[in-house]
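Data first, discussion second: the structure below is written as structure tokens.
Below, chains carry the letters A, B, ... as their sequence lines are ordered, and counting in each starts from 1.
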Amino acid sequence: QLAEELAEELWDAGLPGDLPELEPECRSLLAAFAEGSAALTGCLGRRARPVRLCQGCHGHYRRLLAQYGSIARAVGNSSESHNCAKSILTSDRLQIVVTLSEFFNETWEAANCANCLKNNSEGLSNSTEEFLDLFNKSLTCFEHNLQGQAIDLSPNNYTEVCKNCNETYTKLNDLYNHLQRMNRQGGESAHSAHLCIDVEDAMNITRKLWSRTFNCSLPCSDTVPVIAVSSFILFLPIVFYLSSFLHSKQKKRILILPKRIQSNASLVNIQEKYS
Amino acid sequence: QLTPSSFLRIGQLSNVDLNEDIHELETEIPRQRPNEIPHNEKLLSLKYESLDYDNSENQLFLEEERRINHAAFRTVEIKRWVICAMIGILTGLVACFIDIVVENLAGLKYRVVKDNIDKFTAKGGLSFSLLLWATLNASVVMVGSVIVAFIEPVAAGSGIPQIKCYLNGVKIPHVVRLKTLVIKVCGVILSVVGGLAVGKEGPMIHSGSVIAAGISQGRSTSLKRDFKIFEYFRRDTEKRDFVSAGAAAGVSAAFGAPVGGVLFSLEEGASFWNQFLTWRIFFASMISTFTLNSVLSVYHGNAWDLSSPGLINFGRFDSEKMGYTIQEIPIFIFMGVVGGILGALFNALNYWLTMFRIRYIHRPCLQVVEAMLVAAVTATVGFVMIYCSRDCQPIQGSSVAYPLQLFCADGEYNSMATAFFNTPEKSVVSLFHDPPGSYNPMTLGMFTLMYFFLACWTYGLTVSAGVFIPSLLIGAAWGRLFGISLSYLTKGSIWADPGKYALMGAAAQLGGIVRMTLSLTVIMMEATGNVTYGFPIMLVLMTAKIVGDYFVEGLYDMHIQLQSVPFLHWEAPVTSHSLTAREVMSTPVTCLRRIERVGTVVDILSDTSSNHNGFPVVESNPDTTQVAGLRGLILRSQLIVLLKHKVFVERANLNLVQRRLKLKDFRDAYPRFPPIQSIHVSQDERDCMIDLSEFMNPSPYTVPQEASLPRVFKLFRALGLRHLVVVDNRNEVVGMVTRKDLARYRLGKEGLEELSLAQT
């Protein structure tokens with residue numbers, strides 16, 4: 001009913017009767033894009049925690065990119081002026097399709113997923129696979145060792161885990177550091193300084209488990225030598241200043257008497273000011 | 001009632017803090033014997049002489065000036081612009097060199113120490129890391145300090161006080177030599193790499209000035225090369241103008257602030273100023289920042305991206321998030337007050353320290369040892385602070401250059417280490433821009449406290465280093481702390497962004513220490529690229545200056561005073577109207593006759609007890625012993641050139657002189673005239689006569705005896721004179737006023753004070 005009213009209004013305003021409707025090809029492209037973005041959104045949401053965006057959603061993302069590309073590229077069957085790009089992307093103020101696609105692109109960039117995908121972005125890169133392998137291995141190791149301990153029910157005693165999984169953890173850590181270094185050498189700009197979010201998050205989780213929950217990385221705190229050395233160094237200046245105060249000859253200045261006329265008037269003046 | 005003579009002595013000694021000395025001296029009356037007193041601030045050193053800003057307008061000069069026609073003057077003007085461009089380019093290049101070398105060397109040092117710490121954190125034995133860090137620092141600083149202390153002591157410190165004195169008209173020995181530049185540049189690199197609490201920005205001003213002085217002369221006496229260009233500019237007046245351009249170019253390169261550079265030169269440096277000079281100076285600063293920009297852009301790999309204009313880049317403040325409202329104005333003023341008080345405290349502490357250093361630590365080896373100790377202690381303090389800190393932040397999402405894990409969990413870094421384990425410039429930037437929550441208040445508080453004392457202790461060491469960056473860093477730390485507590489008090493309002501308060505704190509602290517307002521505002525605005533904060537920064541700086549001036553003077557003025565430099569301020573002391581030229585002048589004056597015996601001239605010049613530089617020339621009237629009418633003024637340097645070329649009347653009569661002496665002969669000797677001892681005058685020649693009338697300045701400035709001190713001062717200061725002859729009403733010379741006669745009157749706490757002259 002509302003549409004009819006609108007049509008009537010337009011009719012009254014003197015516009016041609018047939019509203020510029022979307023052509024069927026464009027309509028199908030739009031529908032495909034809508035479905036694709038729904039699928040991607042769902043995927044992103046489901047894999048938000050723990051972060052598995054790049055591993056799980058790269059297929060969806062690639063498909064969506066293609067769909068957007070075909071909209072932007074596709075020219076409708078009829079005349080040039082009625083191509084889909086124009087009618088879908090730029091005919092209104094909101095431009096929802098553009099906004100959506102920009103949102104996905106930005107998210108993808110921020111997650112830096114390109115970093116752990118292959119160059120043609122089909123599947124994960126070798127180094128990422130390797131890393132995730134190690135990651136899974138260490139998680140299994142943690143679980144395995146914890147199960148054995150569950151009987152003890154002593155939450156503070158994780159020595160078993162620390163001892164048994166140390167090797168895997170160290171390997172994982174080293175690999176991560178290696179990846180990071182490689183990445184930093186490769187790219188100069190600030191954005192590519194990060195690894196992709198999946199790898200970063202996986203490492204974060206492991207590190208947190210390792211050093212916070214299990215308390216495995218206990219650094220040797222050698223407070224006594226540090227205090228000794230630092231107080232020795234801090235003591236040196238005192239010795240230095242005291243000795244130079246006591247032994248160094250104080251620098252004396254030799255006063256020179258200037259050649260001046262001695263006049264009473266001015267001196268009285270100065271004297272008044274002094275007092 | 002005191003007799004005049006005894007009062008005179010008290011007048012000279014009243015500033016000696018030991019009262020017993022006065023009594024002793026009064027009884028002994030050592031009128032002739034020189035008194036020895038410990039160094040204090042109320043002295044004028046004989047070491048410093050004046051520059052000749054007033055052209056000696058003798059016949060030679062007039063002839064030359066008349067020969068230059070209009071077109072030739074235009075060439076001279078074009079040459080001035082060319083020189084300014086060259087000053088800009090070279091200053092920019094020197095800044096690039098310093099920046100690149102510091103970045104690489106400091107990066108290397110921090111990587112080595114970080115690897116070492118990481119290694120020993122796991123295994124134990126962190127005391128070795130501490131030793132390594134302290135030793136590295138101390139040895140680098142040792143090299144930096146040795147070259148300064150043993151090769152060129154004038155390169156110590158930031159160089160701003162020295163340049164200020166130079167532009168005021170005081171000749172500081174060696175201050176604009178090439179050797180000084182080399183030592184300054186190397187010294188600054190070494191002291192920043194050595195991890196001292198210093199910055200490399202202040203010395204850029206000195207470096208720019210040396211470059212300017214060198215280029216404008218078209219030769220280097222250190223290298224013994226004369227390029228035979230720019231000979232017209234070989235005199236103090238022209239050199240002074242170029243030096244002020246160089247100082248501006250230095251600021252411009254250091255902060256990427258061309259306008260700030262010009263204003264700095266105007267506010268802090270130049271004592272003489274005109275519009276044409278402003279344009280040239282602006283040109284030099286523009287070229288300098290452009291050069292730095294282009295070279296650094298090529299170095300950083302994105303050639304011709306000209307968006308990082310200075311040595312220090314404060315980064316961009318997001319103007320959308322960081323507005324300010326009227327409610328914050330009182331807060332900014334309060335920060336200014338805090339900055340002023342802290343700045344005054346800094347200066348007062350540094351005053352005592354400097355006094356101690358001048359009195360007791362005057363031997364070069366002691367100075368080197370002191371610098372090394374400061375370096376080692378700086379490293380130790382940093383290490384202990386990092387060691388004790390339990391403030392861990394996640395590495396993810398932050399751009400820390402050298403994240404130290406130490407006792408933090410894996411994947412986290414010690415947040416104290418971002419402040420201490422980095423070059424000071426980087427720390428300033430991270431304090432400005434790190435997101436809220438990157439530092440906890442305890443860390444910031446401890447950091448401010450320790451860094452305040454370290455910076456105060458470091459300034460005045462025998463290393464070349466500036467105070468700008470440490471001040472900014474202290475200010476940024478307490479400003480950020482202030483911002484955090486503010487947002488805590490207001491339950492996390494959005495406007496209490498810690499970065500904004502860090503900037504204001506930095507401005508307040510720097511303003512409180514160096515007491516600049518105009519130029520500092522513009523420098524901060526240009527360096528942050530943010531005009532929105534212009535008004536709050538102005539407000540903060542002015543408050544800081546007013547509050548600080550209430551307690552003590554600015555750091556640079558303080559150091560000028562401690563060096564016993566005869567510095568002339570803009571005005572005579574306000575209560576000095578009762579003094580007249582008669583009391584101010586030195587008398588009797590050593591005069592020369594117009595046609596003088598060579599022997600007399602040599603004897604006068606060789607007399608070590610009266611190291612005069614200008615001699616009034618009087619009518620040659622050999623009969624009268626009385627002082628006769630004033631005819632002109634001749635300088636020591638001119639006399640020496642005359643003696644060297646043996647321009648004697650007898651030789652001229654015998655046609656022994658090949659050619660007439662030209663102005664060029666005087667210029668070639670500038671600025672290092674040989675001492676009188678190096679000129680050999682035979683016994684026969686001593687009886688020759690020398691005619692001064694062609695070489696003396698026939699129209700010296702004179703004042704009558706009755707002129708008041710402010711009047712004399714004004715004439716002297718505005719024209720940049722070196723000698724002002726006091727005459728009586730018969731035009732007979734009665735006295736001479738020089739810089740030291742005027743500079744000794746100063747407004748102290750209890751009214752007019754008189755400084756005493758001393759040999760240093």
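- Contact of B/Ser127 with chain A is made through backbone and side chain together, with heavy-atom distances under 4.5 Å.
- If you take CG on B/Leu373 and CZ on A/Phe235, they are separated by 12.5 Å, rounding to the nearest 0.5 Å.
- Interface remark: B/Val384 contributes side-chain atoms only to the contact with chain A (heavy atom separation under 4.5 Å).
- Contacts between residues 129-137 of chain B and chain A, defined by a heavy-atom separation under 4.5 Å, are made by B/Leu130, B/Leu131, B/Ala134.
- Neither the backbone nor the side chain of B/Phe128 has a heavy atom closer than 4.5 Å to any heavy atom of chain A.
- Annotation: A/Glu167, atom CD; neighbour count of heavy atoms from other residues, nucleotides and ligands within 6.0 Å does not exceed 12.
- By the 30° and 60° cut-offs, the orientation of the rings of A/Phe245 relative to B/Phe356 is parallel.
- For the pair A/Arg253 and B/Pro38, the minimum side-chain heavy-atom distance is 4.5 Å or more.
- In this structure, CG in A/Leu246 is found 9.0 Å from OH in B/Tyr360, a value given to the nearest 0.5 Å.
- Among the residues in residues 226-234 of chain A, those with a non-hydrogen atom closer than 4.5 angstrom to a non-hydrogen atom of chain B are A/Val226, A/Val229, A/Ser230, A/Ile233, A/Leu234.
- When the ring-ring contact (aromatic ring centres under 6.0 Å, His included) test is applied to A/Phe240, no partner is found at least two apart in sequence or on another chain.
- Judged as a salt bridge (Lys or Arg N to Asp or Glu O under 4.0 Å), the pairs with a partner in residues 364-388 of chain B (not counting sequence neighbours) are, in order, B/Arg357-B/Glu370.
- In plain terms, the two heavy atoms of B/Ser756 and A/Leu255 that are nearest each other are CB-CD2, 3.7 Å.
- The distance from atom CZ of B/Arg359 to atom NZ of A/Lys252, rounded to the nearest 0.5 Å, is 8.5 Å.
- In this structure, chain A has no heavy atom under 4.5 Å from any part of B/Leu44.
- Atom OH of B/Tyr299 is surrounded by more than 12 heavy atoms from other residues, nucleotides or ligands within 6.0 Å.
- Here B/Arg363 contributes atom CZ and A/Lys249 contributes atom NZ; the two are 11.0 Å apart, rounded to the nearest 0.5 Å.
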